[in-house]
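Values below: every heavy atom of this structure, side chains too, minus hydrogens, waters and symmetry copies. Given the structure is predicted, the values throughout are model-derived calculations rather than measurements.
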Amino acid sequence: MLIWWIPGMRATTIKLEGKLLEDIEAAKPAGRSTSAHVRRVLQKDIERRQARDAAGRFRAFLEAHPEEQAWLADWDGADLAAHPARGPEA
């Protein structure tokens, strides 16, 4: 068995027992360990929270900058499949 230790990296042990452990073991994919499954679920929850926070900050930014919101509306309506029109610089 190979064990890596990274200086400054912390580890913790959390005791899972009873119905909670049974439910986690029943919910995890067959090929994944309970520890790996719990890590993945927690990581995904953190990512969802961060994305929700970022979306809130973006909404606040758009409310504070209506010109950006108008620009995004124009961009949303753009036909990206069409060839660009030739302008005077062509």
Side-chain angles (χ1 to χ4, degrees):
M1 175 192 302
L2 181 62
I3 299 175
W4 291 91
W5 177 74
I6 300 173
M9 186 172 181
R10 294 178 22 183
T12 189
T13 300
I14 298 172
K15 188 169 184 165
L16 302 172
E17 53 192 1
K19 176 120 173 67
L20 177 60
L21 178 58
E22 291 170 15
D23 290 346
I24 291 170
E25 288 176 335
K28 73 176 184 64
R32 186 179 296 157
S33 71
T34 302
S35 294
H37 181 66
V38 169
R39 271 192 305 274
R40 181 171 169 79
V41 168
L42 292 174
Q43 183 62 44
K44 291 298 178 184
D45 181 64
I46 290 168
E47 291 169 2
R48 275 190 297 276
R49 290 169 188 261
Q50 291 170 338
R52 190 171 45 242
D53 291 345
R57 288 191 306 273
F58 186 63
R59 276 192 301 276
F61 171 79
L62 291 179
E63 289 171 6
H65 300 89
E67 69 282 0
E68 290 289 334
Q69 193 166 10
W71 182 85
L72 284 173
D74 287 345
W75 178 256
D76 191 41
D79 183 0
L80 300 178
H83 290 285
R86 292 192 170 259
E89 66 277 347

Of R40, E47, R39, the residue whose pairing with Q43 passes side-chain hydrogen bond (donor to acceptor under 3.5 Å, both in side chains): E47

To the nearest 0.5 Å, what is the distance between CD (Q50) and CD1 (I46)?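 One finds 7.0 Å between CD of Q50 and CD1 of I46.
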
Mind checking the CD1-CG spacing from I14 to L20? Nearest 0.5 Å is all I need.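 With rounding to 0.5 Å, CD1 (I14) is 10.5 Å from CG (L20).
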
Heavy-atom closest pair, residues [X] and [Y]:
X	Y	answer
P29	H37	CD-ND1, 3.6 Å
L21	T34	CD1-CG2, 4.1 Å
Q69	L62	OE1-O, 3.7 Å

Are L16 and V41 co-members of a hydrophobic cluster defined by side-chain heavy atoms under 4.5 Å apart?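 No, V41 and L16 fall in different hydrophobic clusters.
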
I'd like to know whether R49 forms a side chain to side chain contact (heavy atoms under 4.5 Å, CB included) with R52, so could you lay out the CA-CA distance, the side-chain angles of the two residues, the decisive distance to 0.1 Å, and finally the verdict. CA-CA 5 Å; R49 290 169 188 261; R52 190 171 45 242; 3.5 Å; yes

Joining Ile, Leu, Val, Met, Phe, Trp and Tyr whenever any side-chain heavy atoms lie under 4.5 Å apart, the cluster holding L80 also takes in W75

